[in-house]
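Notes follow the structure.
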Amino acid sequence: MKQKVVALLQKAVEVLIEQSVLQSEWIPDISVERTRDAQHGDFACNLAMMLAKSAKKSPRQLAEVIIAALPEDANVEKVEIAGPGFINFFVNPNAQHEIIADVLRLGSSFGKSDVGAGQKIQVEFVSANPTGPLHVGHGRGAVYGSVISELLRAVGYDVANEYYVNDAGRQMDILATSVWLRYLECCGQTFQFPSNGYKGAYVKDIARQFFDRINRDFCFVATEVFDGVPVDEPQGGDKEQHIDGLITKAQALLGRERYAQIFQEGLTAILADIREDLSAFGVDYQHWFFESLLVEDGSIEDALGRLDKAGHLYQKEGATWFASSALGDEKDRVVVRENGQTTYFASDIAYHMNKLDRGFERIINVWGADHHGYIPRVRAAMTALGADSAKLDVLLVQFAVLYRGDEKVQMSTRSGDFVTLRHLCDEVGLDAARFFYVMRKSDQHMDFDLKLATSKTNDNPVFYVQYAYARICSVLRQLEEKGLSRNSQQGLDNSALLSTDHEVSLVGLLAQYPEVVERSALKYEPHHLVHFLRDLANYFHTYYNAEQFLVEDAKLRDARVSLIEAVQQCLTNGLVLLGVSSPEIM
RNA sequence: GCGCUUGUAGCUCAGCUGGAUAGAGCAUCGGCCUUCUAAGCCGAGGGUCGCAGGUUCGAAUCCUGCCAAGCGUACCA
């Protein structure tokens, strides 16, 4: 309908250009908006105000001319000039009612479109280091990434989800060493656990299981392990040097093979845990991409080679630098350290090169907002590799600040003091957790009060939407129980009977759903969909309280039942996109 | 210090490429269940859109300055 209005205006503009009232170079994109106030009709256009200056006419005067040039259309009942020069369109209600038949005919496809035209698009999200279980901080990115993926699929993109596993690098060595130290405790050794090691209980569990299976093959006495290692911070030393010393010692004492074994033990256990948590959270991936692959197959060397060849690398102070500042970054970045090790950034360059080579038209990275400073250097790398960095969209997700009542919950993976994603799911349920996370614009700070969300009598809006769905299911059950007849075709044929304010606005809202899905997808803003669903539920609940659906008059009854069936379909379509269930009974 | 982001009702937040009287939920107060689920509905109060300028027919939205908060500013990941 919106498109029809735009088309009408376009024709009017063409006519006026012919009459030399307007000139074609003045014409902006014609924007038609839904009105907020029903008094202003269904659609409004600000064209007259935009063109008033160039046309040297007052906005209202120009609006009059435009309206005069509008072709007739059966769907448009009335066109008015209002306010400073808005052109308001009143749509014929019967034309609006067609949406009910459309929804019921399209079913689960209602709201889908093909604006993405099968373009390949990749969405990488969560990608948390496999050094511990996922906590509530990861939940928001997980839901956001998965909902964005579903939305993009709904508008026709060919979407691939990916999790980038940082299974190379120092953090993983710290984990492996932490597991080994806990294992040594199982062997009966006692010592001060490093302040910079991973202290979570899950590390002890992994070590215990490993110990039970392997027994004492990896045992060493504590004095030997700690001999020659720089002292830890509490003893006046440096915690980084201490843990690095322990890593070196672990590698030396265990040898390559045994170290790799304990390293794998930690990685696989935690990764399995992460996969399980995400799956239980309704998040599934097409690909799990391992950083170690980039190391093994020479991708990092390739990527650096390409940068070097193009003249973007130089040597300074024993390290190799990428001249990213020439490409928009704040300063140049090290890619190969003085000690010969490549940096995390070098891996990321290779990873993005790999993504580009896979032929995605668009690449989306969902990152924690604390990584925002990292974006320019990745774009610089893409540009340096000869790619169009505009292909990359980095979507930032602010971490939710967790509260228990008024008290802020401090979290740190290292100290093992955090609320896990699994705990959250157990407490508030999958539906509430997902809905809650995606309710707010993702790049905004968000307060997550556990006490509120975990209380059984909570006012979580997810129930409000689900309740609307369940209520409709209940009405449809009543229809059968009461043995009332139901003729769907008769319902559609008599949609003109749906003339109360509640019915008209409900029908109008249904018609907006496809636009909301498209906007949510293309702008990566799922919260619009959430707000829409709340509005739709609200309109329905109001309607429910105002009118009886199962009335004597069979024609009116069929018409009303068709309408609420359409609402039911629309609600569940939206909830499916959010990964939230549609309960038939509540 | 510099950079990015954010300041909207008591609280948590919406506000579409600048548009008509700035909205919702919660909280507070007052109504509605012999009728399809009251996890609901109706109504009321509550605002200097951080502050000050500017751009224009028109600014919460765009520009500048100031104030405040968060994050970033590693040869960590």
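Lettering follows sequence order; numbering is per chain, from 1.
OP1 and OP2 of B:rC36 both lie 4.0 Å or more from every side-chain N or O belonging to A:Arg557.
For the 3.5 Å distance criterion, the side chains of A:Tyr543 and A:Glu503 qualify, holding a donor opposite an acceptor. Counting only N and O atoms by type, the side chains of A:Gln171 and A:Asn166 include no donor and acceptor under 3.5 Å apart.
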Between protein and nucleic acid, restricted to nucleotides 17-20 of chain B and to nitrogen or oxygen atoms under 3.5 Å apart, what atom pairs and distances do you find?
from   : atom 1 : to       : atom 2 : distance (Å)
B:rU17 : OP1    : A:Lys523 : NZ     : 3.2
B:rU17 : OP2    : A:Lys523 : NZ     : 3.2
B:rG19 : N7     : A:Asn46  : ND2    : 2.9
B:rA20 : OP2    : A:Arg36  : NH2    : 3.4
B:rA20 : N6     : A:Asn88  : OD1    : 2.8
B:rA20 : N1     : A:Asn88  : OD1    : 3.4
B:rA20 : N1     : A:Asn88  : ND2    : 3.1

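Counting any heavy atom pair closer than 4.0 Å across all strands shown, A:Glu317 reaches a base atom. A:Thr542 comes within 4.0 angstrom of sugar-phosphate atoms only, judged by non-hydrogen atoms across all strands, and of no base.
Applying the 3.5 Å distance criterion, the base of B:rG15 shares no donor-acceptor pair with the side chain of A:His531.
You'll find that the side chain of A:His372 is closest to B:rC4, out of B:rA39, B:rC4, B:rA77. When the nucleotides B:rC75, B:rC36, B:rA77 are ranked by their closest atom to the side chain of A:Gln478, B:rC36 comes out on top. Taking every side-chain heavy atom of A:Asn538 into account, B:rC41 is the closest of B:rU37, B:rC41, B:rC13. Distances from the side chain of A:Leu550 to the nucleotides B:rC36, B:rA38, B:rA14 place B:rC36 closest.
A residue-by-residue look at A:His541 and A:Glu338 shows that A:His541 has its nearest nucleotide of RNA chain B further toward the 5' end.
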Result block: side-chain N/O donor-acceptor pairs under 3.5 angstrom for residues 367-380 of chain A, not counting sequence neighbours:
from     : atom 1 : to       : atom 2 : distance (Å)
A:Arg379 : NH1    : A:Ser389 : O      : 2.8
A:Arg379 : NH1    : A:Leu392 : O      : 3.0
A:Arg379 : NH2    : A:Leu392 : O      : 3.4

task: Using a 3.5 Å limit on both pairing distances, list the dot-bracket string of RNA chain B from the 5' end; Watson-Crick and G-U wobble pairs count, crossing pairs take [ ], interstrand pairs take |.
output: (((((((..((((.....[...)))).(((((.......))))).....(((((..]....))))))))))))....
